[in-house]
Protein chains: 2
Amino acid sequence: MKNIFTDEYFMKKALQEAEIAFDRGEIPVGAIIVIDNRVIARSHNLTEMLNDVTAHAEMQAITASANFLGGKYLKGCTLYVTLEPCQMCAGALYWSQISKIVYGASDEHRGYRIMGGKLHPKTEVISGVMKNECSSLMKEFFKQRR
Amino acid sequence: MKNIFTDEYFMKKALQEAEIAFDRGEIPVGAIIVIDNRVIARSHNLTEMLNDVTAHAEMQAITASANFLGGKYLKGCTLYVTLEPCQMCAGALYWSQISKIVYGASDEHRGYRIMGGKLHPKTEVISGVMKNECSSLMKEFFKQRR
């Protein structure tokens, strides 16, 4: 039987979150966290609504997952996020020791790689999953804002 | 008249927060945020109590200050923190565009400098204020844990 739980399957759910952010006038980034093919957190960027630079999708998803699991380490978990994490989120993911990160579009200006941030050595990273869909949403958002 | 509002004056308040963390069994890091010599946020590390790797003193202080100010940018604000920020907190401080950061002890293992993190180019940084007091508290904490 074909495995339906592919990286694309879960990235689509992260994209749905990004679309909610878009509709709310937030920079459209969405994230979900999955363990054993089960979604345990869904979130989207809320920096404008909450007036809080720390309210990135990833940060909320990390906090929500830890609450769900009853422990602060996210071993065995995978984060799906539509945009490459920034150095703040990379730092939080580092502390969480999350097992896997899958992101869509790269962030050439404020992504953790260009900013010099580090992930935990145990964390596997996959990039570029549905990157066109993820970056299209970002481009459309900034086009409307101009 | 002598200015009582020195960096040491405010670092003592951050140290008081670190002592509260110590008493609660948390890694003893404390932070305050000040604008125009007025303290607008006080916080200490709560990662154990909240089971949340994002609950560093600085992160809570950033969120609380933005709430207080009604805007997400911390221009004109100074963060006093007993330990050098990690890359997560450096990333959050970067986004906040905070004007000044004063920290006590350096973190040679997980501080933002060794981890490659970046602060905002507009942010002034002063280090080593009351560093002995700040690092003594950390050393005592880890000594008790061994």
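A note on names: the letters A, B, ... follow the listed sequences, proteins ahead of strands, and every chain is numbered from 1. All heavy atoms count here, side chains included; hydrogens, waters and symmetry mates do not.
- Most heavy-atom pairs under 4.5 Å with chain A: of the set B:Gly70, B:Cys89, B:Ala90, this distinction falls to B:Gly70.
- Residue A:Leu79 is grouped with residue A:Phe5 when hydrophobic side chains (ILVMFWY) are merged at heavy-atom distances under 4.5 angstrom, including chains of intermediate members.
- When hydrophobic clusters are built by joining Ile, Leu, Val, Met, Phe, Trp and Tyr residues whose side-chain heavy atoms come closer than 4.5 Å, directly or via intermediates, B:Leu46 is not grouped with B:Leu83.
- A 6.0 Å sphere centred on CD1 of B:Ile114 holds no more than 12 heavy atoms belonging to other residues, nucleotides or ligands.
- Contact between A:Thr54 and B:Ala92 at its shortest, heavy atoms only, is CG2-CB, 4.1 Å.
- Under the 4.5 Å side-chain contact rule for hydrophobic residues, A:Val53 and A:Met49 do not share a cluster.
- One hydrophobic cluster holds both B:Leu69 and B:Leu93 under the rule that ILVMFWY side chains link at heavy-atom gaps under 4.5 Å.
- Within the 4.5 Å cutoff, the side chain of A:Glu48 has heavy atoms near those of the B:Lys72 side chain.
- More than 12 heavy atoms of other shown residues, nucleotides or ligands fall within 6.0 angstrom of atom NZ in B:Lys118.
- In this structure, A:Met88 CE and B:Tyr94 OH are separated by 12.5 Å, a value rounded to the nearest 0.5 Å.
- Of the inter-residue distances, the one linking B:Asn67 atom CG with A:Asp52 atom CG reads 7.0 Å to the nearest 0.5 angstrom.
- In the displayed structure, A:Lys100 atom NZ is contacted under 6.0 Å by more than 12 heavy atoms of other residues, nucleotides or ligands.
- Using a 4.5 Å cut-off between heavy atoms, A:Leu50 touches chain B through its backbone atoms (N, CA, C, O) alone.
- When the heavy atoms of residues 55-65 of chain A are compared with those of chain B, the residues falling under 4.5 Å are A:His56, A:Met59, A:Ile62, A:Thr63, listed by number.
- Both A:Val125 and A:Met115 belong to a single network of hydrophobic side chains, linked directly or stepwise wherever heavy atoms of I, L, V, M, F, W or Y lie under 4.5 Å apart.
- Taking OG1 from A:Thr47 and CH2 from B:Trp95, the interatomic distance works out to 9.0 Å, rounded to the nearest 0.5 Å.
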